[in-house]
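Here is how names work: the chains are called A, B, and so on, in the same order as the sequence lines, proteins then strands, and each is numbered from 1. As the structure is a computational prediction, the values presented were derived from the model and not from experiment.
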There are 2 protein chains.
Amino acid sequence: MRKQQRKTGHPRRRSAAILDAAAEVFASRGFHGASTQDIADVLGIRQASLYYYFPSKEVALEEVCLRGVEGFLETAISIAAAAGSAHDKIARLIAAHLAPLRDRRPYVRTFLNERQHLPTESRRRIGRLSRAYERLIEDVLKSGVRSGEFRHDLDCRLAALGLLGLVNAVAAWHGKEPKTTIDRIASEYARLYLGGVGIARATGQRKRR
Amino acid sequence: MRKQQRKTGHPRRRSAAILDAAAEVFASRGFHGASTQDIADVLGIRQASLYYYFPSKEVALEEVCLRGVEGFLETAISIAAAAGSAHDKIARLIAAHLAPLRDRRPYVRTFLNERQHLPTESRRRIGRLSRAYERLIEDVLKSGVRSGEFRHDLDCRLAALGLLGLVNAVAAWHGKEPKTTIDRIASEYARLYLGGVGIARATGQRKRR
DNA sequence: GGAAAATTCTATAGTTCTATAGGTGAAATC
DNA sequence: GATTTCACCTATAGAACTATAGAATTTTCC
């Protein structure tokens, strides 16, 4: 008399679906706002059945957050290490930072908004990752200042934080904004960040009213 | 055998202190992560005593969020309506947006991060406010494009969202970053947003007065 | 000093939520 | 075709949390 339909398939597939559901629910309602019941509802299984896949809600958060950050630092390191102008590197860093939003937005959002609720240990570990990432951006900016590409009086720390604010905010609205592909955002933001909103290479002073 | 010290003073004072505590706790642990017990602990009173000041935790969130947004739209409207270049308006909008972080950061943070948990009605109301605010920024950008101050191919919608991302992120780290005053952030971000990180000199953001 | 108002207390009902224990049927393996 | 493993199930213990009721204490005001 069971009316549920079993999902057959490889175990990998199923745990992935479980984690997807958790990410979805954590992203939209927040870790504490989401109950394990909510996650189970998405999957069409019973609340207690989730505990076959993870030992606690907190561990589920850890796994989601982990998938939310994975790759970020590595990719950024390889971009920074490659040859090229600071200009190009910043543009590539922006594109690489936004790319994961295409196929794992709920994971990224959960990482960004809910990592503060991780247990102390993993929160610290992830905090170190974040700081390394920030420093890496800051270093690229500094190298751009040294090479003369960027303003000599640029506050690289503030500029790095600004860049992160700019790109991280995308996770919050992308998907709701119509007709805005990740590619488009990346190229527009790169332009914005590198050259500002103004007319970058105009010769004369703008007219003022 | 009561060891607590009563805070005497005007009723206004006391309710303000209660709301401060709620804002503090909501900002640092999130609405659902914060218990009424946590708020009471900050104040040194019993959990149930809070219900003398508000009828439910949700209403407390409403009041905190309301104080978190109040003034934003009004200030922005008057900046947009005033005379001056689009350049100046953007700079002033940035400064005005950051100003409340000086004296009500927990309120602003709670608004930014927890408004999604407001009951439907007030969430909608506040949603409308936010959208009006976004549109206003977008309009200033558009006027800058028309006047020739900004790039003719600027995507004003994206640029407006970018500006908001930039400034809203400050709420998350200001206070932890050492030696970074709101004034300094405002002027550096205005420069960044208007002229980018590169050595653009075209548009007259020079200080004159 | 005494009445009224304001503020906090104790005690607890009632709900919601996480997590555990043990069972069941289907699928995979031998 | 018997056995083991997998992926769920039911039932519930136990903790945490919101909110109410009514008493007690402190402060304000005359």
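For the pair Arg123(A) (side chain) and Arg115(A) (backbone), a donor-acceptor distance under 3.5 Å is absent.
Residue contacts shown for Ser35(B) are limited to sugar-phosphate atoms, with no base heavy atom under 4.0 Å away. Contacts of Ala34(A) with the nucleic acid, taken as non-hydrogen atoms under 4.0 Å apart, involve only primed sugar atoms and P, OP1 or OP2.
Atom pair Glu58(B):CD and dA19(D):P shows a separation of 8 Å (rounding to whole Å applied). If you measure from atom CD of Gln47(A) to atom C1' of dT16(C), you get 11 Å, rounded to the nearest angstrom. Atom OH in Tyr52(B) sits roughly 16 Å away from atom C1' in dT20(D) (whole-Å rounding). Taking atom NE2 on His32(B) and atom P on dT18(C), their separation rounds to 12 Å, with Å as the unit. Taking atom CD on Gln37(A) and atom P on dA11(D), their separation rounds to 15 Å, with Å as the unit. The CD1 atom of Ile39(A) sits 18 Å away from the P atom of dT16(C) (whole-angstrom rounding). Distance CZ (Phe54(B)) to P (dA19(D)): 9 Å, rounded to an integer number of Å. Rounded to whole angstrom, the span from the NZ atom of Lys57(A) across to the C1' atom of dC17(C) amounts to 8 Å.
Taking only side-chain nitrogens and oxygens, Tyr53(A) comes nearer than 4.0 Å to OP1 or OP2 of dC8(D). The shortest distance between the side-chain N/O atoms of Tyr51(B) and the OP1/OP2 oxygens of dA19(D) is below 4.0 Å. Put simply, Arg14(A) has a side-chain N or O that comes within less than 4.0 Å of OP1 or OP2 on dC8(D). Contact annotation: Arg46(A) reaches the phosphate of dT10(D) (side-chain N/O to OP1 or OP2, under 4.0 Å). Residue Ser49(A) places none of its side-chain N or O atoms closer than 4.0 Å to OP1 or OP2 of dA7(D). The phosphate of dT18(D) (OP1 or OP2) has a side-chain N or O of Thr36(B) nearer than 4.0 angstrom.
The shortest non-hydrogen separation linking Asp38(B) to Gly33(B) is OD2-O, 3.9 Å.
Aromatic ring centres of Tyr193(B) and His87(B): separated by at least 6.0 Å. A centroid separation of 6.0 Å or more is found between the aromatic rings of His32(B) and Phe26(B).
For the residue pair His97(A) / Tyr189(A), no side-chain donor-acceptor distance below 3.5 Å is found, with atom types taken as modelled.
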